[in-house]
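One structure below.
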Amino acid sequence: MTATAQKNIRNFSIVAHIDHGKSTLADRLIQLTGGLSEREMSEQVLDNMDIERERGITIKAQTVRLSYKALDGETYTLNLIDTPGHVDFAYEVSRSLAAVEGSLLVVDASQGVEAQTLANVYQAIDNNHDIVPVLNKIDLPAAEPEKVKAQIEDVIGLDASNAIGISAKTGLNIDQVLEAIVTRLPAPMGDRDAPLKALLVDSWYDTYLGVVVLVRIIDGVLKKNMRIKMMGSGAVYDVDRVGVFTPKLVVMDHLGPGEIGFLTGSIKEVADTRVGDTITEEKKPTAEALPGFKPAQPVVFCGLFPVDAADFEDLRAAMGKLRLNDASFSFEMETSAALGFGFRCGFLGLLHLEIIQERLEREFNLDLIATAPSVIYQMEMIDGSTIDMHNPADMPDVVKIKEIREPWIRATIMTPDDYLGSVLKLCQDRRGNQIELTYVGARAMVTYDLPLNEVVFDFYDRLKSISKGYASFDYNITDYREGDLVKMSILVNGEPVDALSMLVHRTRAEHRGRAMCEKLKELIPQHLFNIPIQAALGAKVIARETIKALRKDVTAKCYGGDVSRKRKLLDKQKEGKKKMRQFGKVEIPQEAFIAALKMDD
Amino acid sequence: MAGTAMLDTMPADDASAGGFGVYVHWPFCRAKCPYCDFNSHVRQSPPDQARFVAAFRREITHTRALTGPRTAGSVFFGGGTPSLMAPETVAAILDAIREAWPLAADAEITLEANPTSVEAERFRGYRAAGVNRVSLGVQALDDAQLKALGRMHSVDEALKAVALARSVFDRVSFDLIYARPGQNPQDWARELSRAIDQGCEHLSLYQLTIEAGTAFEKLYSAGKLIIPDDDHARALWDVTQEVTAACGLPAYEISNHARPGAEARHNLVYWRYGLYAGIGPGAHGRVGTSGERRATVTERNPEAWLAKVEADGHGILSEEVLSRPDQADEMLLMGLRLTEGVDLARHARLGGAPIAPARIAALADEGLVALEGQRLRVLPAGFPVLNAVIAALAA
């Protein structure tokens, strides 16, 4: 494979809401340009992980280099970066978008613009992209391309008159998309003779290659054996290999301006490479780094504990392996009286949390309990110091705290009109401030400022449930605001259960406390004595339930000396007991923790 | 020689603990009762009893080899409905048993019977065959309730059968089922008093349970059968204990009441974790020689059992050597049903992991169990929640 003249390069990404067909379109583009043989095409080539395919989402940015012979007779190199579509990975998305000049905006012609479409397309516009609107699924009976075009123009403010109607599933009009990429998107700029300046788009760990770094060359040339420098971290590495993905890995001699490819070298860990960093040549550095670099910051925290205490070391090893590939996920050891040894983990968002948890359970065969998600609270202390707290168990003595601040988000929610009332109520109940309410046809778009701690607690599940799955949601963190927050403890038979304590807004404490006590009453089995369950703020009990002592069970007749049946029952009870946690005299099943923490209200 | 092999064997001194009895299962019924999940089968044409006798004889011979020479203190004909057997069948089976295991002079020989007039006609025949105790499935003293329970007799018929049985047999017991749909404590107290007035020395009083695979289970899951809730069932339980104790028939086992000395000896073999031969379709046994305790289970289907015995000489499908911890668990499970409780020293000898003193203490604090020396007993407050007490001790 040889280098392409700069004027024959087109770099682009695909912007879409989840399920609108981004990955399927990418597959068609690869297929039509012959990037993979028929035999090698498996559905959704770019989503490598099982979990990505199952959930229909992209977690890691992926890149593919396509060779396309256009109608003008010239052969073009098209570089597609497939970006993560979810808000949790907003920063990764912004860096991927910064690495290309144009975007295909894919909108499902039967569903129209969604909250995620908006969030992502605005990012593309912020990155000065030229945008080609594409209406997917026009073969569906429910497709309303004209209506959706009008919506794109009204809501996003893009000219949609020359939008391309396609079906990624059947392959309809994919050729038109390829032609539009060549004719409607610009060739990259960049000075071949300038010092090397490249954007670090993403990186991952490969068992055979080690750390693989995905780069976009802005200026200069990246060559094998070059000594490079990461301008953000200051680290220096020797480059072993450079190349591209077609999507098969192809090694090249060098990568020039406008090209997107990979490098490998003496880099030990993914954590050493930061998305958004600028890569230059050590001995001939570029004068100025690329703008917009910031290290990934976890915003949502929770404890992850093995159901079986014996799995603790396995969990540690599994987390270490996952972190090799995902530096945005953090963990440190934590001890809980309720749950034993585990880890306090930080995530980019709720989806990120779920993905990590699911991968640990699936790829490493671990059974986990996750505690209630928490956010980072800023505590301003009387003595003038500030503390960042992300575990309610670390709550300092309240008399020493001057002020507690919590993160707020700005949320965009799009919902069919029918569910607007319920959506507004949900936002109000979660302490939201309405910023804006507009209509796009029969869909309402509401903007709310909400405290993040109300959102991490099942907000998305509730939203989906009250809107029968139709509402879409996106957010970004805006600022920290003072809040009247209190630590609520849960006591079972007088013993505090640390895993269930949480920081809540004072106005919400009683409601949450009552809901938690009621839920636990259902979840904790009857014992041979009464068990009080209390929610308390400090010493003040705000909610109480009692699990009455067991009054009667039935010891059935023992038919014809069949003791084995009874013994097997006892063996089962012994097994069950292993999944219980002892709190003083009370045994609480693991499921109770899991279910209590999933509580809806 | 001790060493590891000991782990799977029965302590030599346990072989005689609890005694030895023979259980015989007759698997046929005229109709299936809607609450019953025992191994019972309804057949259009009556079974060939002579053929079954031959099979029982062969299986007895086979089982004798598994138990070694022993004297049987009891024989129990259970079912199914053993009172559908001809007296000659019972006699022939008892002959075969005597050939295999000598019967103790005072051996208790019990037969379960339905209190219908037809079956009562055979009582004298059973007596002549050697049966000295009957256990009658009366179940209720209320005609509407009997019908609801799928029973084929009336109250009047049942009481006549009880009276006849008392005149024919040395010892008579009968069963009642309580915590029936809609039953209230006052009615139950009256029904129970009437039952005690019949003059029997032994009563089995079972709480109605909904068992998997029964007609009642289907109704229950469909919400068409409402049984008393726990509080209500507890009130009925409390009445049961008060009335029986006041009349001199206190509980000696969770569901069994007797005048002192009139306890069911065969069932005590189970509860004291003795050894027993299980003969017939779907019978369970605990047998052993040379220090091993084995659990035997036979084929449940009557015809398949018959065919297997005729081919192999026995109907045993599984014969499991019980590990010592399993034996200890079984002993505890059975023994705690008795008011006399269990000997923890024997539990330890069998190889049970010691029960944590804190567990016993926690239950003792609640007044549910008592420990005197090595004897652990469940107290009256503990019996209505026995399953939970056992789980708290041993699970």
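All chains are named by letter (A, B, ...) in the order of the sequence lines, taking the proteins before the strands, and each is independently numbered beginning at 1. The basis for the numbers below is simple: all heavy atoms, side chains too, and nothing from hydrogens, waters or symmetry mates.
Separation of the B/His202 and B/Tyr252 ring centroids falls under the 6.0 Å cut-off. Between A/Phe343 and A/Phe301, the distance from one ring center to the other does not fall under 6.0 angstrom.
Options A/Asp571, A/Leu569, A/Asp562 differ in how many heavy-atom pairs under 4.5 Å they form with chain B, and the most are formed by A/Asp562. Contact tally against chain B (heavy-atom pairs below 4.5 Å) for A/Lys577, A/Glu575, A/Gln573: the top residue is A/Lys577. Of the residues considered (B/Gly78, B/Gly278, B/Ala394), B/Ala394 shows the highest number of contacts with chain A, using heavy-atom pairs under 4.5 Å.
For chain B, the nearby parts of A/Lys566 are the backbone and the side chain; heavy atoms of each come within less than 4.5 Å. Interface remark: B/Ala362 contributes no atoms to any contact with chain A (heavy atom separation under 4.5 Å). Both the backbone and the side chain of B/Val389 come within contact range of chain A, with heavy atoms under 4.5 Å apart. Interface remark: B/Glu211 contributes side-chain atoms only to the contact with chain A (heavy atom separation under 4.5 Å). Using a 4.5 Å cut-off between heavy atoms, B/Asp175 contacts chain A through its side chain alone, with no backbone atom that close. Interface residue B/Glu366: only side-chain heavy atoms are found under 4.5 Å from chain A. For a residue to count as touching a neighbouring chain, one of its non-hydrogen atoms must lie under 4.5 Å from one of that chain's; by this rule B/Leu368 touches chain A with the side chain only. There is no contact between B/Asp229 and chain A, counting heavy-atom distances below 4.5 Å. Proximity to chain A (any heavy atom under 4.5 Å) is restricted, for B/Asp37, to the side chain, taken from C-beta onward. Only the side chain of B/Leu333 comes within contact range of chain A, with at least one heavy atom under 4.5 Å from a heavy atom of that chain.
Residue pairs meeting the side-chain hydrogen bond (donor to acceptor under 3.5 Å, both in side chains) criterion with at least one member in residues 355-364 of chain B, sequence neighbours excluded, do not occur.
The number of heavy-atom neighbours closer than 6.0 Å to CG of B/Asp231, taken from other residues, nucleotides and ligands shown, is above 12. In B/Tyr220, the OH atom is not crowded: 12 or fewer heavy atoms of neighbouring residues, nucleotides or ligands sit closer than 6.0 Å.
Side-chain atoms of A/Met516 and A/Met502, non-hydrogen and from C-beta on, do get closer than 4.5 Å to each other.
Taking the ring centre of B/Tyr270 as origin, the terminal cationic atom of B/Arg337 falls outside the region bounded by 6.0 Å and 45° from the ring axis.
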Can I get a per-line list of side-chain donor-acceptor pairs under 3.5 Å for residues 524-531 of chain A, giving both atom names and the distance, sequence neighbours left out?
from, atom 1, to, atom 2, distance (Å)
A/Gln526, NE2, A/Lys548, O, 3.3
A/His527, ND1, A/Pro525, O, 2.9
A/His527, NE2, A/Glu587, N, 3.0
A/Asn530, OD1, A/Ala549, N, 2.7

*Under the salt bridge (charged side-chain N to carboxylate O under 4.0 Å, His left out) rule, what do B/Glu330 and B/Arg286 come out as? Steps first, then yes or no, please.*
CA-CA 11 Å; B/Glu330 292 193 343; B/Arg286 289 290 178 277; 2.9 Å; yes
